[in-house]
Undergrad: 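Can you read through this structure? Questions will come right after.
Proteins come first, then strands; the chains are lettered A, B, ... in the order of their sequence lines, and each starts at number 1. Excluded from the calculations below are hydrogen atoms, water molecules and symmetry mates; all remaining heavy atoms, backbone and side chain alike, are included.
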Amino acid sequence: MATDIEMGQDGFFMQVYQVVRQIPEGRVCTYGAIAKYLGAPQSARMVGWAMNASHQMPDVPAHRVVNRQGLLTGQHHFPGHGLMQKMLEAEGIRVCDNKVQNMAEIMWDPQSA
DNA sequence: ATTCTGACGTGGG
DNA sequence: CCCCACGCCAGAA
């Protein structure tokens, strides 16, 4: 029934959540990488939109999802100020000025998983 | 119903 | 370097 989240494997959102959930600790992923992995490289926006609803999803480390530049674009959506960066740094991720420094090294690609 | 915006990415000027 | 437009889909006004 559609009263609740009936998005199973057919739901684009759900697919995004599952991918994000698989992001290992200390690693980050990009919206585009997820979108591309799902076969929608042009729908990176939807990935971000899905993340917006991710707060109803358990074990969805949205803080590990950054944009192509490695910028913590979703930082403003997190409770508290600078929480996202703090969480990333807590995992050993080097962040500076709201941007992941060694992003290329910690970049986790679902396709490679 | 229409219009705009949005946690993006790519391409063109 | 900066600015603009397109695509993609969903949600809010």
Undergrad: In whole angstrom, give me the gap between the C1' atoms of C:dC3 and B:dA7.
TA: 22 Å
Undergrad: Once you round it to whole Å, what is the distance between P of C:dG11 and CZ of A:Phe12?
TA: 13 Å
Undergrad: Roughly, in whole Å, what's the span from CH2 in A:Trp49 to P in C:dA10?
TA: 12 Å
Undergrad: Side chain of A:Tyr17, backbone of A:Ala50: donor and acceptor closer than 3.5 Å?
TA: yes
Undergrad: Rounding to an integer number of Å, can you tell me how far A:Phe13 CZ sits from B:dA7 P?
TA: 14 Å
Undergrad: Taking atom C1' of C:dA10 as reference, at what distance in whole Å does atom CD of A:Gln15 sit?
TA: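 Roughly 16 Å, once rounded to whole Å.
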Undergrad: So, A:Asp97 side chain and A:Lys99 main chain: donor-acceptor pair closer than 3.5 Å or not?
TA: no
Undergrad: For the residue pair A:Met51 and A:Tyr31, establish whether any side-chain heavy-atom pair is separated by less than 4.5 Å.
TA: yes
Undergrad: Base, sugar-phosphate, or nothing: which does A:Ala35 touch, judged by heavy atoms less than 4.0 Å apart?
TA: nothing
Undergrad: Which pair of non-hydrogen atoms, one from A:Val100 and one from A:Ile106, has the smallest distance, and what is that distance?
TA: CG1-CD1, 3.5 Å
Undergrad: Nearest-Å distance, CD1 (A:Ile34) to P (C:dC9)?
TA: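 To the nearest whole Å, that distance equals 17 Å.
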Undergrad: One pair to check against side-chain contact (heavy atoms from CB on, under 4.5 Å): A:Leu88 and A:Val28. What are the steps and the verdict?
TA: CA-CA 9 Å; A:Leu88 291 171; A:Val28 295; 4.0 Å; yes
Undergrad: Within residues 74-103 of chain A, find the residues that approach DNA chain B with a heavy atom at under 4.0 Å, and present them sorted by residue number.
TA: A:Gly74, A:His77, A:Phe78
Undergrad: Pick out the pairs of N or O atoms, protein on one side and nucleotides 9-13 of chain B on the other, that lie under 3.5 Å.
TA:
{"unit_1": "B:dG9", "atom_1": "OP1", "unit_2": "A:Arg68", "atom_2": "N", "d": "2.6"}
{"unit_1": "B:dG9", "atom_1": "OP2", "unit_2": "A:Arg68", "atom_2": "N", "d": "2.9"}

Undergrad: In the single-linkage hydrophobic clustering (I, L, V, M, F, W, Y; side-chain heavy atoms under 4.5 Å), do A:Met84 and A:Val65 co-cluster?
TA: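 No.
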Undergrad: For the pair made of NE2 in A:His55 and P in C:dG11, what is the distance, rounded to whole Å?
TA: 12 Å
Undergrad: If hydrophobic clusters are built from ILVMFWY residues whose side chains come within less than 4.5 Å, do A:Met57 and A:Trp49 share one?
TA: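 Both belong to a single hydrophobic cluster.
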Undergrad: Inspect the contact between A:Glu91 and A:Arg64 and indicate whether a charged nitrogen and a carboxylate oxygen are less than 4.0 angstrom apart.
TA: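 The answer is yes: the pair qualifies as a salt bridge.
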Undergrad: Any sub-3.5 Å donor-acceptor pair from A:Asn102's side-chain atoms to A:Glu105's backbone N or O?
TA: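 The answer is no, because no donor-acceptor pair under 3.5 Å joins these two groups.
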